[in-house]
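Letters A, B, ... are given to chains in the order of the sequence lines, protein chains preceding strands, and every chain is numbered from 1.
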Protein chains: 2
Amino acid sequence: MRIDIQFLPVPPDPLALSRKTAVVIDVLRATSVIVHAISRGALEVVPVETVEEAFEEVKDFPQGSTLLGGERGSKKIEGFDLGNSPREYTAEKVRGKRLILTTTNGTKAFHSVSSGREVIAGSFFNISAMTQFCLDRNQNVLIYPSGDGGRFSLEDTVCGGMLIDRMIKTEGDAIALTDAAYSAHILYQRFEANLIGAFYASIHGKDLVAKGFEADLVYCAQVDIIDIVPTFRDGVIRSR
Amino acid sequence: MRIDIQFLPVPPDPLALSRKTAVVIDVLRATSVIVHAISRGALEVVPVETVEEAFEEVKDFPQGSTLLGGERGSKKIEGFDLGNSPREYTAEKVRGKRLILTTTNGTKAFHSVSSGREVIAGSFFNISAMTQFCLDRNQNVLIYPSGDGGRFSLEDTVCGGMLIDRMIKTEGDAIALTDAAYSAHILYQRFEANLIGAFYASIHGKDLVAKGFEADLVYCAQVDIIDIVPTFRDGVIRSR
């Protein structure tokens, strides 16, 4: 099995992706939100690119069935029900609901890798579950950090590096790494004893702290608190 | 001063680049060849993309004035004077000559960042010289690893990380790093005591060893053996 990680969020070649498991990571905070919301009973998450699309989409569903969530500039969008803090997505609020989500980087990323044989949402919350998913599939893996406004993001890469670390520890030499995956593993090892340190060191993490979201950093650094693997298919993310 | 490194060889936005120093790195082996050849007295290096272009270009110059160098699949091209091993580019062979060079990744990279205010060739050979060049210019820096067939390359990134390390050690907090530059610095630190280890760990380094070019890895891992900074301008690389 071969693991690659794409360091810039440029849509990969769909053909090359068609036989791989694609793992979308936007640990601060879109995929953390998605994993959290579905673990709390949300029926499905529909990732859309624009705020306008979100308002259009919600009209297709019965009133009260659907919530709008997401951010622009890290902040809750006017007229939306929820922002982009996983902690907001409690069972009380989301159980049995459909969620339409639009964020700066993460929601677009799912569409960029939609040709993957499987497309899953990864975060620190569900590291063990996604490791097991990738191993069970036994096909090559492309980790796709959603980046920070088109740029490389440290925190997503460290999370990807943790997935690589877990897979190596289970499978050993059966795992082949590209230079990028090998490097992500080194970056993970640097922060292994202090994952939140990667958040504080990253440009996006610093920006979230400056905007008052430091509690989200603490929350999103929790490992293995959720045992599900949300899967993106036909434009919708559901628990598989 | 802000330092960024672009982890995938996608041509950057020319406008954003127009006020930056662009540092092209293809340490195995194109920029090592360029730095070496110019230090040994080559008049100039003309990086061209295709073998056909190289054969066309050479016709424009008096016979005996110009050499053809480069590789495909790491090997010397049929009809060319020189391959892609820096060791071949001795003073005896290149002094006073123009060199037309075509390689898989490195020569293209110069054209990809040609809108940079300055575009320079970096390698381990000339780390101190290029550090001083970047500091003297006192403008933002984009390090551009030329990659490995469009993919991220470990060895170029570690070389870029060494430039970052030197700049931080000289300027301290006056240097701001993007997440990518911060990560390249961590990758450099991992190999600081064993630079050639980065070559042996990389996909491209392993391929060169398999093809019989291990001596090039040893040669290209030498630090600060050359005190020049080749500069790319108007399609040609010269010592500034």
> So which bits of residues 158-187 of chain A come within less than 4.5 Å of chain B, counting non-hydrogen atoms only?
Replying inline: A:L177, A:T178, A:D179, A:A180, A:Y182, A:S183, A:I186, A:L187

>> Please list all pairs meeting ring-ring contact (aromatic ring centres under 6.0 Å, His included) that have one or both residues in residues 134-158 of chain A, counting only residues at least two apart or in different chains.
In response: A:F7-A:F152, A:F152-B:F7

> Going by the side-chain hydrogen bond (donor to acceptor under 3.5 Å, both in side chains) test, which pairs reach into residues 195-206 of chain B, not counting sequence neighbours?
Replying inline: B:E155-B:S202, B:Y200-B:E214

>> Using the side-chain hydrogen bond (donor to acceptor under 3.5 Å, both in side chains) criterion, which residues pair with A:N138? Sequence neighbours excluded.
In response: none

> More than 12 heavy atoms of other residues, nucleotides or ligands under 6.0 Å from NZ of A:K75: is that the case?
Replying inline: no

> Which bit of B:D4 comes within less than 4.5 Å of chain A, counting heavy atoms only: side chain, backbone, both or neither?
Replying inline: side chain

> Looking at side-chain heavy atoms only, is the closest gap between A:Q189 and B:R190 below 4.5 Å?
Replying inline: yes

